[in-house]
Amino acid sequence: MFIHIGDDHVIQSKDVVAIIDHSLIGSSSIIEEMLFNQRKNRQVVETQDHEAKSIVITQDVIYFSPLSVFTLKKRANMMSTLNKLEDFSDEAEE
């Protein structure tokens, strides 16, 4: 399934490695180093119009999202719930 992470970016949920709070950047030298290296490789997508609240790390790209970790988690869980629902649309047409 897909997750809308803000700023017109939609990613596949299977590609998400981690979603972390933006405030953790300054508290971790590992995260800062990872972002520095990915920026050098042009693999970081910054948020355009809003302040970043979370960082979505995928297999290939790091996205800064204006949505909170909680909101992104709810969206991801909602999609997995929808996937588990049965499709009765064919029965309704009969």
Side-chain angles (χ1 to χ4, degrees):
M1 284 315 263
F2 294 91
I3 304 171
H4 180 263
I5 61 170
D7 284 344
D8 296 328
H9 296 290
V10 178
I11 59 173
Q12 287 193 324
S13 56
K14 69 179 178 91
D15 292 338
V16 175
V17 174
I19 301 173
I20 56 177
D21 194 287
H22 185 268
S23 64
L24 295 176
I25 292 176
S27 64
S28 173
S29 60
I30 294 171
I31 294 174
E32 287 178 340
E33 183 179 346
M34 176 186 63
L35 287 171
F36 176 78
N37 289 330
Q38 290 300 92
R39 280 187 174 120
K40 279 194 325 189
N41 296 331
R42 300 190 186 278
Q43 297 297 314
V44 176
V45 177
E46 305 278 349
T47 181
Q48 298 297 319
D49 300 326
H50 305 84
E51 180 180 339
K53 293 181 182 175
S54 61
I55 302 168
V56 180
I57 302 170
T58 66
Q59 295 174 1
D60 301 319
V61 181
I62 297 174
Y63 296 90
F64 281 75
S65 173
L67 304 175
S68 70
V69 172
F70 181 71
T71 300
L72 293 171
K73 181 182 177 195
K74 282 194 321 187
R75 288 184 179 191
N77 286 339
M78 179 181 64
M79 297 313 292
S80 78
T81 301
L82 289 174
N83 283 339
K84 293 176 185 175
L85 295 177
E86 293 186 40
D87 183 6
F88 295 105
S89 60
D90 291 337
E91 292 176 13
E93 292 174 7
E94 295 175 0

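Residue indices begin at 1 and follow the sequence shown.
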Taking all heavy atoms of [X] and all of [Y], pick out the closest pair and write down the distance.
X   : Y   : value
P66 : I5  : CD-O, 3.8 Å
Q43 : D60 : OE1-O, 2.8 Å
V10 : H4  : CG2-CD2, 3.8 Å

Interatomic spacing from [atom1] in [X] to [atom2] in [Y] - rounded to 0.5 Å:
X   : Y   : atom1 : atom2 : answer
I55 : I31 : CD1   : CD1   : 6.5 Å
I19 : I3  : CD1   : CD1   : 5.5 Å
S65 : D7  : OG    : CG    : 7.0 Å

Can you tell if the side chain of [X] reaches within under 4.5 Å of the side chain of [Y], non-hydrogen atoms only?
X   : Y   : result
I62 : M34 : yes
L72 : S54 : yes
R39 : E46 : yes
Q59 : V17 : yes

(message) Please check if the number of heavy atoms outside N41 that lie under 6.0 Å from its CG is greater than 12.
(response)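 Count over threshold, so yes.
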(message) Filter on ring pair (Phe, Tyr, Trp, His ring centres under 6.0 Å), then keep only pairs touching residues 15-39, sequence neighbours left out; what's left?
(response)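 Qualifying pairs, neighbours excluded: H22-F64.
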(message) Here's a test for you: under side-chain contact (heavy atoms from CB on, under 4.5 Å), which of V69, V56, I57, I25 qualifies with I20?
(response)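 Of all the options given, the one that passes is I57.
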(request) Please identify each residue that fulfils ring pair (Phe, Tyr, Trp, His ring centres under 6.0 Å) with H9, with sequence neighbours left out. (result)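 Counting only residues at least two positions away or on another chain, H9 forms a ring pair (Phe, Tyr, Trp, His ring centres under 6.0 Å) with Y63.
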(message) Side-chain heavy atoms nearer than 4.5 Å, only ILVMFWY residues, links allowed to pass through others: does that put V44 and I11 together?
(response)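 No: no chain of side-chain contacts under 4.5 Å links V44 to I11.
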